[in-house]
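Since the structure is predicted, the reported quantities are computational estimates derived from the model, not experimental observations. In the text below, chain A, chain B and the rest are named by the order of the sequence lines, each starting its count at 1.
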Number of protein chains: 2
Amino acid sequence: MSDLLERLRGRGWRMTAQRRVVAEVLDGDGAAHVHLTADEVHARAAGRLPEISRATVYNTLGELVSLGEVIEVATDGRAKRYDPNAHQPHQHLVCSRCGVIRDVHPAGDPLAALPATERFGFTVSDVEVTYRGLCPDCATAA
Amino acid sequence: MSDLLERLRGRGWRMTAQRRVVAEVLDGDGAAHVHLTADEVHARAAGRLPEISRATVYNTLGELVSLGEVIEVATDGRAKRYDPNAHQPHQHLVCSRCGVIRDVHPAGDPLAALPATERFGFTVSDVEVTYRGLCPDCATAA
DNA sequence: TCCTACAATAGACATTGTCTAAGTCAAGAA
DNA sequence: TTCTTGACTTAGACAATGTCTATTGTAGGA
Ligand SMILES: [Mn+2]
Ligand SMILES: [Mn+2]
Ligand SMILES: [Zn+2]
Ligand SMILES: [Zn+2]
């Protein structure tokens, strides 16, 4: 966590109470597996700093994404989710019914599955894989 | 195309001018590679049937998705896109700059890359892969 | 301590999608 | 063919998510 704040300071960030709280909400206490929406980040941040605005949360999240400290994931076509686990490549497993998200680590490099003949001249730099199914709770409740 | 209309009739669809136009916009003349947003579908449908409403376009698209005739894809966290190429499994290659989308066919079954130990009791039934990079035009313009 | 460029705020605005109440009509029945 | 009826369509309100601007505040260096 303080690692993150150190990196941000090193990148010239002006350290404000708002930015500190957003970073703490995202990256605090063993939160490597959370995937919060912007509104959820705002709600938790407002718990510590009641006057923080939505615009600041959106701005800060956008900056963290630009800096590569947080990854934006869109698993449901609704609100984007913000993933602080940006330094460990991983993919996501999503329950189609309740929406719960798990980090998963597929075997091999997913990029390698796309042959050159299927790249159409693109410079392919990234791949995002979303596995979908039913979580154990939803499967038994079905 | 008439294939699609036949299947819909067989499923008990009441055939209205609005539904016919939406199906034609999505699945008409060699459109296997289009990925339109709901608003784009509405605009094209309104070209043929000016009084068609947004609600009807959203309703019809939702029905086509439920019936498995069209696939909903969210490549940019903004508007969902509707893909009539639902009967041929494929994935998408997206330009990070201009947003252009290509259908691609990775080697092997992407589901096979997720080991049982990484499934956490989920019943995994589907996988969606989005490759990202720069298209040839955007790469040279960079 | 003071300055100032950068950051935060409130709230308007934009985009995308959902819902409801009222009117319309496709398709089967008579 | 005409009638009937429940499915369908419509306009527009509403909701959720995200963006932008004008104003005010402040972190950090001089
Ligand atoms: Mn994650
Ligand atoms: Mn496609
Ligand atoms: Zn579930
Ligand atoms: Zn491009």
So, with a heavy-atom separation below 4.0 Å from DNA chain C, the residues of residues 50-69 of chain A are Glu51(A), Ile52(A), Ser53(A), Ala55(A), Thr56(A)
To the nearest angstrom, the CD-C1' distance between Gln18(B) and dC8(D) comes to 8 Å
field: Glu128(B) bridged to Arg132(A) by N-O distance under 4.0 Å
entry: yes
Quiz prompt | Path from Val127(A) to Ile101(A) over hydrophobic side-chain contacts below 4.5 Å | solution = no
inquiry  = Between Arg7(A) and Glu69(A) (salt bridge meaning N to carboxylate O under 4.0 Å), is one present in this structure?
reply    = yes
Under a 4.0 Å heavy-atom criterion, DNA chain C is touched by chain B from dT16(C) to dA27(C)
Heavy-atom closest pair (Gly133(B) atom, Ser125(A) atom, distance to 0.1 Å) is CA-OG, 3.9 Å
Expected string for nucleotides 23-30 of chain D under the B/S/- scheme (protein heavy atoms, under 4.0 Å, primed atoms plus P, OP1, OP2 as sugar-phosphate) is ---BBS--
All heavy atoms of Cys138(A) vs all of Cys95(A), minimum pair found to be SG-SG, 3.7 Å
Exercise. Hey, quick one: are Val65(A) and Leu36(A) part of the same hydrophobic cluster, counting side-chain heavy atoms closer than 4.5 Å, chains of contacts allowed?
Worked result: yes
When rounded to whole Å, the CG to P distance for the pair Asp76(A) and dT17(D) reads 9 Å
* With no hydrogens and no angle check, do the side chains of Asp83(B) and His35(B) hold a donor and an acceptor under 3.5 Å apart? -> yes
Any chance the side chains of Glu72(A) and Tyr82(A) put a donor and an acceptor closer than 3.5 Å?
yes
Review point. So, do His92(B) and His90(B) have ring centers that fall under 6.0 Å from each other?
Key: yes
>> Closer than 4.0 angstrom, basic N to acidic O: yes or no for Glu118(A) and Arg102(B)?
In response: no
